[in-house]
Every structure is written in C-alpha cells, then in structure tokens.
There are 2 protein chains.
Amino acid sequence: MGSDSTKEKIVQAAKQIFLRKGMDGARMQEIADEAGINKAMLHYYFHSKDQLFDEVFYGILSQLIPGLISIFKSDKPFLDKIEAFVTEYDTYMSRNPFLPQFVFREINRDPDQLSRFMSDRGLNFELVEGMINREVSNGNIRPITFPHLFANLIGMIVMPYIGRPLFQRKLFKNDPIEYDRFLLERRSVITQFVKQALGA
Amino acid sequence: MGSDSTKEKIVQAAKQIFLRKGMDGARMQEIADEAGINKAMLHYYFHSKDQLFDEVFYGILSQLIPGLISIFKSDKPFLDKIEAFVTEYDTYMSRNPFLPQFVFREINRDPDQLSRFMSDRGLNFELVEGMINREVSNGNIRPITFPHLFANLIGMIVMPYIGRPLFQRKLFKNDPIEYDRFLLERRSVITQFVKQALGA
DNA sequence: AAATAGTTTAACCAAATGGTTAACTTTGCA
DNA sequence: TGCAAAGTTAACCATTTGGTTAAACTATTT
C-alpha cells in the first residue's frame, strides 16, 4: 500500500502551497501537481479543500504552540525564559518563513475555530500571565501587563518575516544573505531590547 | 452624470471588501453589491479586478506613507518623533483596523510592484536611517541599527491589530470594549517601552 | 426636438475551480 | 491462485468567477 506515502506526500505538498498562498489563494490542482499525483487523490484522502486545510493548519499549530508554552514552565530566571522564547520562536520561523503571515491570515479568516482549537487543547495564557504579574509585584521588572508584553514580543519577532519582501528590498538592497544575517542578529537584539525596556 | 458618484461608490465599496478579504478572497459581485450597483459598472470604470485593486491599494498607501515620513522631518527631539510616529500610525490603524493585515498580505503577493511604487514616489528610509545613526554616535540612545528599530516599532504597533481576533478572545474574554481600551493604552506603553530600551 | 455621448442594466460567455464517477490497477491475504 | 479491498486515474460535472455585449436609458448639446 503506497497509501501512507501518498497521504504524506499530499500533506507536505498542501503545506507548501497553503503556506505560500493561504486558503483562498491555493488551488487543489496546484497541490496535486506539487505532490505529483492525480487531483482525485486529494479527495480520496481528504473530503474537501477545507478539511485538507484544517489538517495542515492545525497540524502546524499543534507542533508549534506547546513548545512555546513549555518554555515558560521551565525554572529558568524570567528573563532567560524570554531569551529562550525569542530564540525558539525565531528558529522555528527561520525554518518556516511563510508561517507567520499564514497564521495571521487565517486568524482573521476563522478566528472562532482557532480559538476553540486552543481551548480544546488547554492552550491558554493564564500560567504565563500570572508569572509576569508576579515578576512585576516583586519589583523584578518594570510594570507591564501580560497582553502588552506579549504583543510587543510577538510583534518584534514576527515582523521581519511578515515584512521580508519589502524590508529586504528597501533596507538591504534586496540581498537575501544580508537579510538572513539581520534575522539572526534579531534574536539577541530583541532580547536585549526587552531586557532594557523591562529595566532588568 | 452620476458618474463621479458611482465611481466613488465603487472605490469605497472595493476598499471595504478588499481590506477584509484581500485580493484573492474578494469577489467582484460582492463589491458590486456593497456599492449597490450592477457588476458591469465595475468593468466600465475599471478595466479589471487587478486594476481596481491597485487603485484602491495604492490609494491607501499614498495617503498613509507620506504622513509617517513627514513626522521624522519635523524638528522635535528624536524621542518625541518616535512618540508622534507611534501615535500617528496607531490612530490611522484604529480608523482602518484591517489595514495592516491587508498591507502585509499584499506585500507578500506582489512585492516588486510595491517596491517600485515606493521608489517612484521617492519614499525611502535613508533620511530616517541617517537620523538614527546620528543619535547613536552622539550617544543619545543605545546602539541600534535602523532596520532593527524599525522592525521593533512597526511590529509592536501593528501586532494587536493583526492578531486582534485571537488576542481579544484569549486575553480579553472577547470583550471588544476592553480590547479598544488596550489598543489605546498601547500608544503610551510602546513609547515608554522604546524610550527605556533605548536608554533615554 | 433630434442627435449625440455618457451611463446603466440584464443576459450571456469562457475559463477556472472544487468535487464526483466509473473504470482500471495494484496489493494483501485466504 | 484468485478475489476482495485499497489505491489510482482520466473524464466528467456543476458552480463560481471575472469579464463581455448589446440594448436601453439619461443627460447634454445644438
């Protein structure tokens, strides 16, 4: 049975195409071509485009989110956790450069489904939120609420990936090597930036 | 001649739909419905979907970008410029909440065109870049390159808009009023965050 | 008022798209 | 070996989509 292999080929191909074009922009034929199979096979293994998409999308999230949350469950000092978070997230992005744009696009397309997915898996932020509030009341970091710190962090990490096509052209003379160097630099730049902002 | 009014109705309707759904997700019929006119009128005033899209997209950018750059041409102290930039940008976003997601989606769809558009209009960052380098060499702010500071700023400003559907649900119990309050807070939070990070 | 140019509409079209069908091939196993 | 199930394919289908057309309507000009 080539079944397992074919199904896997489909998932991989769908990942490529969906990541680059999003749900709306992707074509089933394109996915089939990328996988090197007949289009009917897509519907043999997955009922519909929607189901295939969900499989891919939530497969990616299931892989990404738990790793990020687990960082905050370690017993490192708080600022080291931030450093680990930045590095881990950024490493993942560098291997999946289209992911942020993809995730945010779909966040806006069907937010309820995503929200439900996270709730179902017990993925919430209360643990991290409490941790930050404690750091603030202990006077270890300057006052800031969790949503603000979270938005700041994610924003800084994600922006150079989402904006890459423009940033690379306008700020790095469209030199991809220079831009990759820039991306790598950001791990320490962001960490330093946050540490200083939090007065640590 | 209802011409001018009809054309304007089309542009406004197209703006709404394109902002929410992007180029791929938008339907010409939907735009016609939103404008309350016959679909053929879209092609009467604009040759194609692509041309209509470009008109809308670059109309928005033409309005947004110059205002942002002019802030840095004023003679305020540098950190006040940052504050003004954050406030101005954020005010614009609050009036056009779908804009960031939209812009970044299209940045990825056709980067060359956007890059050319900016070049044609002389919209480049050299002025601001020089300004920041000068601040650093004068020792007024901690060392940081322009691309890093730019990515940090834009990321922090834009993130809560791009991620709103999820953030509001997961961090604010899906209460839109609380989220709007959060968005407003961010202007000062970001400004403070940056000032402290830059050691000012 | 007649001719003309600009505006609007309903009906239509070809291409693309997600999805189905029925026949054919391969595989696992009694 | 033979047969049932799984896997695969080409051809097909209904709907959607961007776009066109020709006729009708409206305003302007003379």
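Order of the sequence lines fixes the chain letters, A, B, ..., with proteins taken first and strands second; residue numbering starts at 1 for each chain.
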Taking [atom1] from [X] and [atom2] from [N], how many angstroms apart are they, rounded to a whole number?
| X | N | atom1 | atom2 | result |
| --- | --- | --- | --- | --- |
| A:F46 | C:dG18 | CZ | C1' | 16 Å |
| A:K7 | D:dA6 | NZ | P | 14 Å |
| B:M41 | D:dC25 | CE | C1' | 12 Å |
| A:I17 | C:dG18 | CD1 | P | 12 Å |
| B:I37 | D:dC25 | CD1 | P | 19 Å |
| A:L42 | D:dG7 | CG | C1' | 14 Å |
| A:Y44 | D:dG7 | OH | P | 4 Å |
| A:K9 | D:dG7 | NZ | C1' | 12 Å |

So, do [X] and [Y] have ring centers that fall under 6.0 Å from each other?
| X | Y | answer |
| --- | --- | --- |
| B:F72 | B:F85 | yes |
| B:F46 | B:F53 | no |
| A:F102 | A:F18 | no |

Practice item. Ignoring backbone atoms, establish whether B:T6 has a side-chain N or O less than 4.0 Å from OP1 or OP2 of C:dT7. Key: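 Looking at the OP1 and OP2 atoms of C:dT7, neither is under 4.0 Å from any side-chain N or O of B:T6.
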
**Prompt:** Taking only N and O in the side chain of B:Y45, is any of them less than 4.0 Å away from OP1 or OP2 of C:dT8?
**Reply:** yes

Do A:R20 and A:Q16 have side-chain atoms, one donor and one acceptor, less than 3.5 Å apart?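 There is such a pair between these side chains.
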
Enumerate all atom pairs, one protein N or O and one N or O from nucleotides 16-22 of chain D, separated by less than 3.5 Å.
unit_1	atom_1	unit_2	atom_2	d
D:dT17	OP1	B:R27	NE	3.1
D:dG18	OP1	B:A26	O	3.4
D:dG18	OP1	B:R27	NH1	3.1
D:dG18	OP1	B:K49	NZ	3.1
D:dG18	OP2	B:M28	N	3.1
D:dG18	N7	B:K39	NZ	3.4
D:dG19	OP2	B:K49	N	2.6
D:dG19	N7	B:K39	NZ	2.6
D:dG19	O6	B:K39	NZ	2.5

(message) Between B:D24 and B:R105, is there a side-chain heavy-atom distance shorter than 4.5 Å?
(response) no

The complete set of salt bridge (charged side-chain N to carboxylate O under 4.0 Å, His left out) pairs with one or both residues in residues 170-186 of chain A, sequence neighbours excluded, reads A:R164-A:D180, A:E178-A:R181

